[in-house]
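Quick notes on the structure that follows.
Computation of the quantities below employed the complete heavy-atom set of this structure, encompassing side-chain atoms and omitting hydrogens, waters and symmetry-equivalent molecules.
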Amino acid sequence: MKTFIYTATDVQGNTIKNARMTAEDVNDFLEKIHEKGLFCSGYKEATSKTSNTLHKFTTKELSNDCRQLSAMLTSGLTLVKALDILHKEQEKKAQKQIYQEIYEEVQKGQSFSDALKMQQGAFPNFMISMIQAGEASGSLDVIAKRLEDNYAKEAKLNNKIKGAMMYPIILAVLCVVIVVALFTFIMPTFKDLMTEKDMKGLTGALFAFSDSLKAHWYIYIGVVLAIIFIFNYALKIPSVRYKFDKLKCKGPGFGKLVVKVYTGKFARTLASLYSSGIPMVEALERSAAILNNDYIQKAFETVVDEVKQGEQLSVSIQRTGIFESMFVSIIYVGEESGALDTILTKSAEFYEDESDSAIQRLVGMIEPIMIIIMGAAIGLVIAGILPALYNSMENIQ
């Protein structure tokens, strides 16, 4: 299937711009436009570059949509009718367009999961896998409810992370403002009181930096932007991204806290997929991929291969050295008792609670660093100015 971006006019004379439609080819696309009663004034096939502009649903949006879908399917509505209602209730134009295309494809006999795939990344692979499993087992309403719970918990965790990071971000901005104000507004006021003899060592270096910051501030901004660009570009290199992701899991102090957050998300995803009837191998691949960590994903390639060969999941996961031993023991108990999905769900709830405290502790590690930087900047200024100022006052006396 191909995606076409088009501009058209309806029978009322209203212009539709940058709309999207999936079709087999150009002829199929033009036929669909005609069926809709639209006059197409221009179109182009979406390339990989333009496809990136497609709306990607947030966890909050997915949670709300899955909640509505679950309620409608449980009440006895057909999938086609439920999707029609869901499409009409969308507020954003991009979302409405996506659900309209899904509705049309399902109405023509296409499976719901295939219709979701056609939207080129608008929906996560996890959701598509779950929907596919629900269609195969005939329990789409149950799967929609599980998806709602999953995305509701994920949205709650994301909100907690954003809320917890607000104070450190404000503190970091304040730190930058104070440092810039010290060197551009406060320090220059003392310059006339200094003699040439005073302008040596630390004092001279601080005043030189102050003059440079005032005269060439745009260079410093450029350097900061260049560092950010280089960092983001470096993370696109597989080897660099792998080492960075490994540092997140193995770093001193913060590594264990990050792993706790990953554990809760991994356990929840694996439990949802496995209990929905998805094979363990595929469930493991999906669960590792959803963490968006190259180090963990690489390690789980080995886990998947070993499980295929008949190795116990708990033994194979323990070899990776990523998750803590208690989580490995929980998996072992689940395997032995034959209730792996139930035990994983309970462990996910435990580790999600642990994630809350882990996030707070991670934020707690950032705050003193910001305070130390501010203190160091103020201390440097004091150490550089006061002795020279004291000498100048003595000379005046």
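- Linking Ile, Leu, Val, Met, Phe, Trp and Tyr residues whenever their side-chain heavy atoms come within less than 4.5 Å places V281 and F126 in a single cluster.
- With values rounded to the nearest 0.5 angstrom, L344 atom CG is found 5.0 Å from L270 atom CG.
- Under 3.5 Å, the side chains of E306 and S316 contain a donor-acceptor pair of N or O atoms.
- Distance alone, capped at 3.5 Å, places no donor-acceptor pair between the E285 side chain and the V304 backbone.
- Taking all atoms of both residues into account, the shortest heavy-atom contact from L171 to I371 is CD2-CG1, 4.1 Å.
- Taking the centre of each ring, F231 and F244 come in below the 6.0 Å mark.
- When side chains are defined from C-beta on, T263 does not count as touching E324, because their heavy atoms never get closer than 4.5 Å.
- W217 and K214 make their closest contact through CD1-O, 3.5 Å (heavy atoms, listed as atom of the first residue, atom of the second, distance).
- A side-chain donor-acceptor contact under 3.5 Å links S337 to the backbone of V333.
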Inset, instruction - Go through the steps for D114 and E105 under the test side chain to side chain contact (heavy atoms under 4.5 Å, CB included), then give the verdict. - result: CA-CA 9 Å; D114 286 341; E105 291 298 329; over 6 Å; no
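- At least one side-chain heavy atom of E336 sits under 4.5 Å from a side-chain heavy atom of Q312.
- Judged by distance alone, the side chain of K298 and the main-chain N or O of Y242 form no donor-acceptor pair under 3.5 Å.
- A salt bridge links K145 to E148: one of the charged nitrogens lies within less than 4.0 Å of a carboxylate oxygen.
- Looking only at distances, a side-chain donor or acceptor of S137 sits under 3.5 Å from a matching main-chain atom of A133.
- A donor-acceptor contact closer than 3.5 angstrom is absent between the side chains of R286 and T269.
- Taking the ring centroids of F323 and F266, they lie under the 6.0 Å cut-off.
- A donor and an acceptor atom, one from each side chain of Q95 and Y99, are nowhere located under 3.5 Å apart.
- D65 places a side-chain heavy atom less than 4.5 Å from the side chain of Q90.
- Side-chain heavy atoms closer than 4.5 Å link hydrophobic residues (I, L, V, M, F, W, Y) into clusters, and following such links, even through other members, never connects I221 to V180.
- Taking each heavy atom of K248 and N293 in turn, the nearest pair found is CE-ND2, 4.0 Å.
- Taking OG from S75 and CG from L77, the interatomic distance works out to 4.0 Å, rounded to the nearest 0.5 Å.
- Taken to the nearest 0.5 Å, the CD1 atom of I131 stands 5.0 Å off from the CG atom of L140.
- In terms of heavy atoms, G251 sits closest to F254 at CA-CZ, 3.6 Å.
- In this structure, P238 and D294 have side chains that are not in contact, with every pair of non-hydrogen atoms separated by 4.5 Å or more.
- Using modelled atom types, one side-chain atom of E61 and one backbone atom of T58 make a donor-acceptor pair closer than 3.5 Å.
- Put simply, the side chain of D84 never gets that close to the backbone of V80: no donor and acceptor are under 3.5 Å apart.
- Counting only N and O atoms by type, the side chains of R319 and T302 include no donor and acceptor under 3.5 Å apart.
- Of the possible donor and acceptor atoms, none in the side chain of S287 sits under 3.5 Å from a partner among the backbone N and O of L284.
- Listed by chain and number, the residues in a side-chain hydrogen bond (donor to acceptor under 3.5 Å, both in side chains) with Y332 amount to none (sequence neighbours excluded).
- The CG atom of L79 sits 11.0 Å away from atom CD of Q107, with the distance rounded to the nearest 0.5 Å.
- Side-chain contact check for K117 versus Q132: some heavy-atom pair is nearer than 4.5 Å.
- Ring planes of F209 and Y220: perpendicular class, angle over 60° (limits at 30 and 60°).
- Note: F229 and Y233 have parallel aromatic rings, judged against thresholds of 30 and 60 degrees for the angle between ring planes.
- Minimum interatomic distance between G334 and I343 (heavy atoms only, all atoms of both residues): CA-CD1, 3.4 Å.
- With rounding to the nearest 0.5 Å, the separation of CG in L340 from CD1 in I330 is 11.0 Å.
- Proximity of C66 to N150: side-chain heavy atoms (C-beta onward) are nowhere separated by under 4.5 Å.
- In this model, a donor atom of one side chain and an acceptor atom of the other lie less than 3.5 Å apart for E335 and S314.
- Checked by atom type, the side-chain pair S113/E135 shows a donor-acceptor distance below 3.5 Å.
- Remark: N64 engages R67 in a side-chain hydrogen bond (donor to acceptor under 3.5 Å, both in side chains) (not counting sequence neighbours).
- A donor-acceptor pair under 3.5 Å links the side-chain atoms of T320 to the main chain of I317, judged by distance alone.
- Contact check for I102 versus I98: side-chain heavy atoms found under the 4.5 Å cut-off.
- In this structure, the side chains of I290 and P124 stay at 4.5 Å or more apart for every pair of heavy atoms.
- Going from atom CD of Q68 over to atom CD1 of I85 covers 9.5 Å, rounded to the nearest 0.5 Å.
- The pair R146-D149 does not count as a salt bridge, with every side-chain nitrogen at least 4.0 angstrom from each carboxylate oxygen.
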